[in-house]
Amino acid sequence: MPNRSAWTLRETLIISVLGAVFGVLYLGWVQVWLVLQAIFGAVTMDVVMGFWFIVSIIAAAIIRKPGAALVSEVMAAAVQVLLGSPAGLLLLLTGLVQGAGAEAVFAATRWRRYSLPVLMAAGMGAAVFSFAYTWIRFDYGSLAPGLLVVMFALRLASGALLAGLLGHYIVKALYRTGVLSGLAIDRDARAARA
């Protein structure tokens, strides 16, 4: 019987491709954020932040193994660094923190549950970890308590919707194409139908 926790070459390649694709998308999303921030103000970051967690949700839902969420976020961050993101190497720490937040939720289920509520919770986990990180990095303690509550609530909602819910629909769309055949998501779906 094969070791179900060992990573196959195909799974490693999928994580790499997802990291590369979303690294590019994340870099583009910065431009969306900057335009919206110019219009709506500083809390826009919390509204759009969830998209920067989405690869961890997608990778975990497809691969269904420990580390998928964490590794995919770090890989996306590394791609952004290689593409010349002005944030530089600090993005690796950002990716690590965000991936760890999502990974913590999957770990709480022992990497056995990937339902929509779990994916949304993982997006919220990434939001909580990232909020703690940006609190330290940008000295959120000096902000008004009411503003902090609004920022945190917006980031949680963004993690749930832009990472969890949108990630769920992207994974479903990919699954319908047949490209995920033979992977953990496919095995679980077939077992559920049996």
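When reading the values below, keep in mind they use all heavy atoms of this one structure, side chains included, and skip hydrogens, waters and symmetry mates.
Remark: K172 NZ to I170 CD1 distance equals 13.0 Å, nearest 0.5 Å. Residue L161 holds its CG atom at 9.5 Å from CG of L166, rounded to the nearest 0.5 Å. Taken from CD1 in I58 to CD1 in I63, the straight-line distance is 12.0 Å, to the nearest 0.5 Å. Interatomic distance, L174 CG to L183 CG, rounded to the nearest 0.5 Å: 10.5 Å. Put simply, CZ on F138 and OH on Y133 are 7.0 Å apart, with the number rounded to the nearest 0.5 Å. Expressed to the nearest 0.5 Å, how far CZ of F106 lies from NZ of K65 amounts to 15.5 Å.
Applying the side-chain contact (heavy atoms from CB on, under 4.5 Å) criterion to L83, with sequence neighbours excluded, gives V24, L27, V79.
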Legend entry - Check against side chain to side chain contact (heavy atoms under 4.5 Å, CB included), F152 and V128: CA-CA 8 Å; F152 185 65; V128 169; 4.0 Å; yes

Inset, instruction - Kindly determine whether M49 and W29 satisfy side chain to side chain contact (heavy atoms under 4.5 Å, CB included), including the steps that lead there. - result: CA-CA 9 Å; M49 181 69 82; W29 193 247; over 6 Å; no

Inset, instruction - Start with the C-alpha gap between Y26 and L91, add the side-chain angles, then the distance that decides, and say whether side chain to side chain contact (heavy atoms under 4.5 Å, CB included) holds. - result: CA-CA 11 Å; Y26 284 3; L91 272 176; over 6 Å; no

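Between F22 and Q80, every side-chain heavy-atom pair lies at or beyond the 4.5 Å cut-off. Residues L143 and W135 fail the side-chain proximity criterion, which asks for heavy atoms closer than 4.5 Å. Counting only heavy atoms from C-beta outward, the side chains of T94 and E73 never approach each other to under 4.5 Å. The side-chain heavy atoms of Y114 and I185, taken from C-beta on, include no pair separated by under 4.5 Å. Between L25 and F51 there is a side-chain heavy-atom pair separated by less than 4.5 Å. At a threshold of 4.5 Å between non-hydrogen side-chain atoms, the residues V55 and M75 do not count as touching. The closest side-chain heavy-atom distance from S181 to R190 is below 4.5 Å. Taking the side chain as every heavy atom from C-beta outward, L162 and F53 never approach each other to under 4.5 Å.
Between W52 and W33, the ring planes lie perpendicular to each other; the angle is over 60°, past the 30° to 60° tilted range.
S56 places no side-chain N or O within 3.5 Å of a backbone atom of A69 that could act as its donor or acceptor partner.
Nearest heavy atoms, L92 versus V74: CD2-O, 4.1 Å. Contact record, Q98 with S130: CG-CB, 4.0 Å, taken as the closest heavy-atom pair. Summarising the geometry of L156 relative to M124, their closest heavy-atom pair is O-CG, 3.5 Å, with the distance given to 0.1 Å. Across all their heavy atoms, V118 and V105 have their closest contact at O-CG1, 3.9 Å.
Enclosure of atom CZ in R10 by more than 12 non-hydrogen atoms of other residues, nucleotides or ligands within 6.0 angstrom is indicated.
The one candidate from T134, V47, V43 that meets the side-chain contact (heavy atoms from CB on, under 4.5 Å) condition with R155 is T134.
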